[in-house]
Amino acid sequence: MQSLKRPSFLSSVLNAFRMPDLSRKLWFTLLILVIYRLAAHIPMPGVDRTALDEFFKQQPLLGMLDLLSGGAMSNFSIMAMGVYPYVTASIVMQLMIPIFPKLQELQKEGGEAGRQRLNLYTHIMTVPIAALNAIGQALLLARGASGKAVLTNFGFDRPELWLPTLATILTLTCGTMFALWLGELITRDGVGQGISIIIFGGIVAQAPQRLGQLAATNVLGLVGYIVIAVVTVVAIVVVYEGQRRIPVQYGKRVRGTRVFGGQSSHIPMRINQAGMIPLIFAQSILILPGVIASYFTVSTNDSLRAFAIGFAGLFDSRTSTFYWLMYFVMVVGFTFMYTDITFQQQNLPETLQKNGGFIPGIRPGKNTEKYLMAVLRRITLVGAVFLGLVALLPFILRDVTESSVMVITSTGLLIVVGVVLDTMKQLEAQLLMRQYEGFIR
């Protein structure tokens with residue numbers, strides 16, 4: 001018998017372009033990405049380009065955020081925040097569900113209407129989060145580097161600045177909601193998960209330019225980066241696809257003369273169920289102490305200024321080993337926390353018991369829950385340590401390549417690989433469905 005080979009991503013895309021309906025979805029997705037990239041190059045008014053470039057050279061963390069926004073932040077465009085306020089709102093909503101009983105009821109018993117209501121709440125929460133992010137980014141740029149403001153028409157201290165300040169906040173917030181709307185158009189009428197595709201497009205858009213910069217400044221560094229990136233991508237794919245399958249048996253039920261159930265199945269427990277969310281959590285928290293300390297580095301009090309400078313140095317990713325150690329520890333901790341929360345929300349033991357399912361050799365109920373949690377924590381340890389090592393990738397690359405230019409960050413690599421794998425699975429499912437339809441006809 002001739003074995004069937006799984007088609008590659010490229011062959012799946014080529015086959016999809018040969019089918020009119022799938023081709024239309026793919027072209028629509030590309031069109032939306034082009035619109036998003038064009039909007040990402042529309043700059044905000046009142047930005048000093050020279051001061052902005054100097055500020056980015058002094059703040060390497062902004063360079064990492066700029067890479068994830070596809071260059072929109074380095075231009076300080078109307079799309080500078082991208083869809084990350086929505087990602088933050090989604091994470092906050094997932095953490096709130098176990099706390100508030102009404103949200104739990106919507107998730108468990110609300111069905112499709114409940115999921116739509118939760119999605120509506122997430123969209124509403126995105127607006128204030130985007131506005132707060134806009135204020136934070138604008139204040140940071142208005143402060144500037146070396147006393148030179150990047151954003152000259154933003155501030156709350158003078159009445160003549162109130163109107164342009166409000167316009168800046170509204171424009172950046174609307175930019176986020178526009179990006180979110182584009183992503184939802186892709187989800188509805190295109191291919192793939194729209195928000196992930198938007199983030200993916202922003203990440204890969206900057207890669208050619210950064211590869212050119214690295215090649216021009218450090219050829220050996222470029223070779224080292226490519227080798228490490230390829231090894232990392234392979235490892236991400238292995239961990240992303242890795243899972244522990246827990247066997248499940250369903251009991252037989254007799255209704256009249258018919259027998260239902262009795263089949264065997266399994267619960268797939270992925271090694272990395274948290275994705276890149278622990279990396280985003282850890283980065284967000286580690287940014288805060290350095291930002292707060294930086295406001296006191298210009299204090300007239302010598303003791304306070306010296307303490308602020310030393311404290312800010314601990315959270316400087318360019319020079320501090322403490323920063324990277326804390327980054328690793330926090331990523332591992334957040335991976336366990338987020339995995340536990342999402343697993344408890346699924347309530348698998350109760351669902352199995354309601355449907356007459358059980359794990360062979362394990363009693364239903366509490367024993368099943370303890371067994372699944374024990375298995376989950378063992379495999380999560382592997383995923384957590386792996387994510388921690390991925391978080392250290394910029395630190396490793398900086399020493400190996402001897403360059404501060406990052407083509408794609410560790411978080412970016414996780415997103416890119418995850419989006420490619422998910423999109424490939426969707427394309428293969430669509431192709432398989434259409435082939436079966438043709439066979440039936």
Side-chain angles (χ1 to χ4, degrees), residues 4-17 19 22 25-26 28-30 32-33 36 67-68 70 82-84 87 90-91 94 183-184 186-188 190-207 226 228-245 266-280 331 335 338-339 342-343 346 379-380 382-391 393 407-435:
L4 296 175
K5 287 183 66 178
R6 182 177 178 177
S8 65
F9 177 72
L10 182 59
S11 63
S12 296
V13 172
L14 292 176
N15 290 333
F17 271 112
M19 297 185 176
L22 274 182
K25 288 177 177 289
L26 286 169
F28 179 81
T29 302
L30 292 174
I32 295 298
L33 282 176
Y36 174 75
L67 183 62
L68 292 175
V83 294
Y84 286 99
V87 175
S90 300
I91 295 172
Q94 287 183 339
E184 291 181 341
I186 292 177
T187 301
R188 189 186 66 187
V191 175
Q193 209 284 328
I195 303 301
S196 300
I197 294 290
I198 289 290
I199 298 173
F200 169 84
I203 293 171
V204 299
Q206 290 289 90
I226 292 174
I228 293 177
V230 169
V231 173
T232 305
V233 167
V234 172
I236 290 174
V237 171
V238 172
V239 174
Y240 192 89
E241 294 290 293
Q243 57 181 233
R244 167 79 181 273
R245 295 187 174 186
H266 67 269
I267 301 173
M269 303 186 75
R270 294 171 56 185
I271 294 177
N272 178 22
Q273 298 196 56
M276 79 292 184
I277 290 176
L279 294 170
I280 297 175
V331 166
T335 302
Y338 187 79
T339 302
T342 53
F343 179 76
Q346 294 173 2
I379 64 175
T380 299
V382 178
V385 172
F386 172 76
L387 279 181
L389 294 175
V390 170
L393 185 61
V407 180
I408 295 181
T409 64
S410 50
T411 308
L413 277 176
L414 274 173
I415 295 172
V416 168
V417 173
V419 170
V420 169
L421 289 174
D422 288 340
T423 306
M424 182 173 68
K425 289 177 182 178
Q426 287 197 28
L427 281 176
E428 289 179 358
Q430 293 280 347
L431 289 170
L432 187 62
M433 181 180 66
R434 282 156 178 78
Q435 287 171 1

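Note that CD1 of Ile186 and CD1 of Ile195 are 8.5 Å apart. Values are rounded to the nearest 0.5 Å. Interatomic distance, CG of Leu387 versus OG1 of Thr380, reported as 10.0 Å (0.5 Å rounding). Distance check: Thr339 OG1 to Arg270 CZ gives 10.5 Å after rounding to the nearest 0.5 Å. If you take CD1 on Ile198 and CD on Gln193, they are separated by 10.0 Å, rounding to the nearest 0.5 Å. Within the model, atoms CD1 of Ile267 and CZ of Arg245 stand 12.5 Å from one another, a figure rounded to the nearest 0.5 Å.
Between Ile197 and Thr423, the closest side-chain pair of non-hydrogen atoms falls below 4.5 Å. Side-chain contact between Met269 and Ile379 is present, with heavy atoms from C-beta onward closer than 4.5 Å. The side-chain heavy atoms of Thr335 and Phe386, taken from C-beta on, include no pair separated by under 4.5 Å. Looking at Leu33 and Phe200, their side chains never come closer than 4.5 Å, going by heavy atoms from C-beta outward.
Residues that satisfy the side-chain hydrogen bond (donor to acceptor under 3.5 Å, both in side chains) test with Ser90, not counting sequence neighbours, are absent from this structure. Partners of Arg188 according to the side-chain hydrogen bond (donor to acceptor under 3.5 Å, both in side chains) rule, which considers only residues two or more places apart in sequence or in another chain, do not exist here.
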Determine whether Glu241 and Leu421 satisfy the following criterion, side-chain contact (heavy atoms from CB on, under 4.5 Å), listing intermediate values before the conclusion. CA-CA 9 Å; Glu241 294 290 293; Leu421 289 174; 3.9 Å; yes
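What you find for Thr187 and Gly194 is that their closest heavy atoms are OG1-N, 2.7 Å. Taking each heavy atom of Gly82 and Tyr36 in turn, the nearest pair found is CA-OH, 4.0 Å. Residue Leu279 comes nearest to Ala391 through the heavy atom pair CD2-CB, 3.4 Å, listed as atom of the first residue, atom of the second, then distance.
Of the residues Val417, Asn272, Val234, the one that meets the side-chain contact (heavy atoms from CB on, under 4.5 Å) test with Val239 is Asn272.
Looking at Thr29, its side chain does come within 3.5 Å of a backbone N or O of Val191 through a donor-acceptor pair.
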